[in-house]
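Everything below concerns the one structure shown next.
Numbers restart at 1 for each chain; the letters A, B, ... are given by sequence-line order, proteins then strands. Worth saying up front: this structure is predicted, and the values here are computed from it rather than measured.
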2 protein chains.
Amino acid sequence: MGTERAGSQRRGIGVVEIAQSLGVSTATVSRALNGSDKVRPELADRIREFADAHGYVANRHARALSATTSRAFIGFVIPYVDTPAFSTVAAECGRRLARDGTQLILTITENDPERELDQVKELRGIRTAGIVISPTPGILDETKELLGSVPVVEFHRRSGLAIPGVFMDDRKAMADAFGRLTELGHRRIGYIGTTQDLSNGIARQDGIRDGMRLAGLDATDVPTQLVAPVESAGFEAATRLLEMPDRPTALIVGGGTLSLGVADAVRQSGIEVPRDLSLIVYGDPRWFALHKPPLATISAPYDQLADHAVGLLHDALDGTSADGGAAVRMITPILRPNGSLGPPHQHTP
Amino acid sequence: MGTERAGSQRRGIGVVEIAQSLGVSTATVSRALNGSDKVRPELADRIREFADAHGYVANRHARALSATTSRAFIGFVIPYVDTPAFSTVAAECGRRLARDGTQLILTITENDPERELDQVKELRGIRTAGIVISPTPGILDETKELLGSVPVVEFHRRSGLAIPGVFMDDRKAMADAFGRLTELGHRRIGYIGTTQDLSNGIARQDGIRDGMRLAGLDATDVPTQLVAPVESAGFEAATRLLEMPDRPTALIVGGGTLSLGVADAVRQSGIEVPRDLSLIVYGDPRWFALHKPPLATISAPYDQLADHAVGLLHDALDGTSADGGAAVRMITPILRPNGSLGPPHQHTP
DNA sequence: ATGAAAGCGCTAACAA
DNA sequence: TTGTTAGCGCTTTCAT
């Protein structure tokens, strides 16, 4: 109590202690520890050994403060961490960056532009070498300004800035899915998606429109429900569509969380899938494999996205990319057909 | 090209610039910015205004380097970020800590003790004020040593160190679930869980044993499969149990990922639930609501766990807790009965 | 190949 | 209440 902790090391050793113990200068120690080739190999080894033996851990703050050009940290800004679309990408990027000794700093905005601004400020305070971000729909101008001054890569959502990014080609994916249904003969197809605020909501609806056009259908053939991206909203939207007098013979859902609610509504309605209704949902196929029958899903290969994100980030850090043309890469989600797909059933009028 | 970026601020301003512009000392600026009450309010306001207007962001590294006692960072070490058991807790803790201006640094071990050691070292290098960790089963001695010298809170898994922690009382939860089945009349109950390596695997199996004892059953009544915590293993384990000549009338699963595989196997087996088999799985009820019928789940209230973790962390940081008795808090997962539960069906011998 | 010394941007004694 | 002056622990010229 109150007595200093006995023993050799109170708070770990630093370069000075190492230098003194070995009778060299701190400069030499620093060079050896950073693998400079300008140190006698034998000496360097001795220094590293000593450091290891004494559990030396470099103070990141000191290092970052003196060395202006450090890739010690990368900021990662996402709306949620409990959504696979974001968490999977975060995990993958973290893994890949760890190889270079770069530490990922994860921050969560919960789609709040104010929090987003705070986070980005904070990251600038940490002097992260770069930022990977999935911006909030209402991103603040001040945030944009801040982002303008560091290497940035965005994913899933667009900020409107001319910066490199990786995105899901949801438009194409939805058009493909729609096409699959029309090929099966469906002419009345319900769509449940998210509202326009969310940029992928737009793309997905655009995809549906593309599909309609291609099949020669118009808006009256495709009853649409745009709702908030929550489970209950999906449930209600599906219920509304299924209670229509002239109800659709197929349903496409444009959102992972929505899909859970929709699947539940379909189940409770007692409508038989795929005999009386074909169903394509959006999200992780593993989840929807539980459904009876297993549901056809549009699923996104997040690891690919992470790959590209890290690649673009490296380009941005190295200043490889041309200033003018911000690289944009698209990943196309995969349609996995399953037991929930079939031709429309002619029910008696 | 090559020309310095024109304009007033190259890399943002610092305390010196503010001090010079306002004709005060850096100390005064620092005090004003940190809300010290020893600055003339009017002056303080003027300083803060100026700082805001010029987009001042404190350099965290400099701050951390000079101020030894800072709560700027908390390290968070978990095996996976794409598993709700960890990601949900991380998100909650992050949210709660953000209120105090504490930044959470998330690191992923993937259950690799070497990576864990690296991460913890790294966190020490960042001089995080504390660490919240869900240790790997094979945690290294060196890691333990490092953890001994900072405020630490563990959750979900135990390191064996005498440090505060929050855990799920899986033992009790499993015993309760088992009890529910025996109350319904089941005398032959299959258990599918994870191997002993994972500390919660042990607790869950212990719970099953408690339930057996209470119901007067012995090991031969409870065919058990201990497997790796992956979906396919769950599928295979369930298949094995369901193909037994004297097959169980009920099944309990002790793991979220396992449960997905088990549910799938049950579906494919064609066995009718709950008529010929009662089923209790572990995990998020939303997932298993998709099943037909919706499955009874044992689900863990992760937000509560996060609450306690943050609480314990604060205690540890404040040195509130007595050195000897490391606080341990238990959270009991909730059994949500559902359509998958019923009395055993007497099938002809 | 090595050392001496000057910072990086901030906070914290100690003076005034 | 404000200013002066040291550092925090490291990297990095510039000498040697």
Side-chain angles (χ1 to χ4, degrees), chain A residues 9-48 51 54-73 101 121-122 124-129, chain B residues 9-48 51 54-73 101 121-122 124-129:
Chain A
Q9 55 192 78
R10 269 194 333 157
R11 296 176 159 237
I13 62 172
V15 281
V16 261
E17 284 81 359
I18 299 182
Q20 284 170 352
S21 304
L22 262 44
V24 293
S25 77
T26 60
T28 304
V29 173
S30 173
R31 284 191 272 254
L33 260 22
N34 290 311
S36 160
D37 53 350
K38 304 181 159 308
V39 182
R40 193 156 34 92
E42 180 222 291
L43 214 203
D45 283 347
R46 208 148 54 87
I47 292 174
R48 279 192 286 265
H54 292 253
Y56 168 77
V57 180
N59 184 322
R60 283 286 185 187
H61 299 300
R63 188 171 271 178
L65 196 55
S66 81
T68 320
T69 166
S70 142
R71 284 192 192 178
F73 299 105
K121 266 190 192 162
E122 173 73 15
R124 290 229 41 197
I126 300 174
R127 297 294 188 271
T128 56
Chain B
Q9 55 192 78
R10 271 192 331 155
R11 297 179 160 233
I13 61 173
V15 281
V16 261
E17 285 81 359
I18 300 182
Q20 283 170 351
S21 304
L22 263 44
V24 294
S25 78
T26 60
T28 305
V29 173
S30 172
R31 284 191 273 253
L33 259 24
N34 290 310
S36 159
D37 53 350
K38 303 182 158 308
V39 182
R40 192 155 35 91
E42 180 222 292
L43 214 203
D45 282 348
R46 207 147 57 86
I47 292 174
R48 279 193 285 265
H54 291 254
Y56 168 78
V57 180
N59 184 322
R60 283 284 185 189
H61 299 301
R63 187 171 274 180
L65 197 53
S66 82
T68 321
T69 164
S70 142
R71 287 195 189 176
F73 300 104
K121 266 190 191 163
E122 174 73 16
R124 290 228 42 199
I126 300 175
R127 299 293 189 272
T128 56

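- Residue Leu33(A) contributes atom CG, which lies 13 Å from atom P of dT12(D) at whole-angstrom precision.
- Side-chain N/O atoms of Arg127(A) and base N/O atoms of dG9(C) include no donor-acceptor pair closer than 3.5 Å.
- Under the 3.5 Å distance criterion, the side-chain polar atoms of Arg48(A) are matched with a main-chain donor or acceptor of Ala32(A).
- Checking the phosphate oxygens (OP1, OP2) of dT2(C), a side-chain nitrogen or oxygen of Arg40(A) falls inside 4.0 Å.
- Counting non-hydrogen atoms under 4.0 angstrom, Ala67(B) reaches the backbone sugars and phosphates but no base.
- Lys38(A) places its NZ atom 18 Å from the P atom of dT16(D), with the value rounded to the nearest Å.
- If you find the closest nucleotide of DNA chain C to His61(B) and to Thr28(B), the one lying nearer the 5' end belongs to His61(B).
- One finds a side-chain N or O of Asn34(A) lying less than 4.0 angstrom from the OP1 or OP2 phosphate oxygen of dT11(D).
- Using a 4.0 Å cut-off, some side-chain N or O of Tyr56(B) falls inside it from OP1 or OP2 of dC10(C).
- Across every non-hydrogen atom of Ser25(B) and Ala19(B), the tightest pair is C-CB, 3.8 Å.
- Taking side-chain N and O atoms only, Arg63(B) has no distance below 4.0 Å to OP1 or OP2 of dG9(C).
- Using the six-membered ring where Trp is involved, His61(A) and Phe73(B) have ring planes that are parallel, under 30° apart on the 30 and 60° scheme.
- Computed from coordinates, the Gln20(B) CD to dG3(D) C1' distance equals 14 Å when rounded to whole Å.
- Checked against dC10(C), dT12(D), dA13(C), the side chain of Ala62(B) finds its nearest nucleotide in dC10(C).
- Residue Ser25(B) is the one, among Ser25(B) and Val16(A), whose nearest nucleotide of DNA chain D lies closer to the 5' end (criterion: closest heavy atom).
- Remark: P of dG9(D) and CG of Asn59(A) are 7 Å apart, rounded to the nearest angstrom.
- OP1 and OP2 of dC10(D) both lie 4.0 Å or more from every side-chain N or O belonging to Ser66(A).
- To the nearest angstrom, P of dC10(D) lies 9 Å from CD1 of Ile13(A).
- For the atom pair CZ (Arg63(A)) and CG (Leu33(A)), the distance works out to 7.0 Å, reported to the nearest 0.5 Å.
- The separation between Leu43(B) atom CG and dT1(D) atom P is 11 Å, rounded to whole Å.
- In this structure, Asp37(A) atom CG and dA1(C) atom P are separated by 8 Å, rounded to whole Å.
- Rounded to whole Å, atom C1' of dC8(D) lies 16 Å from atom CZ of Arg60(B).
- Here the side chain of Ser21(A) pairs a donor or acceptor atom with the backbone of Glu17(A) at under 3.5 angstrom.
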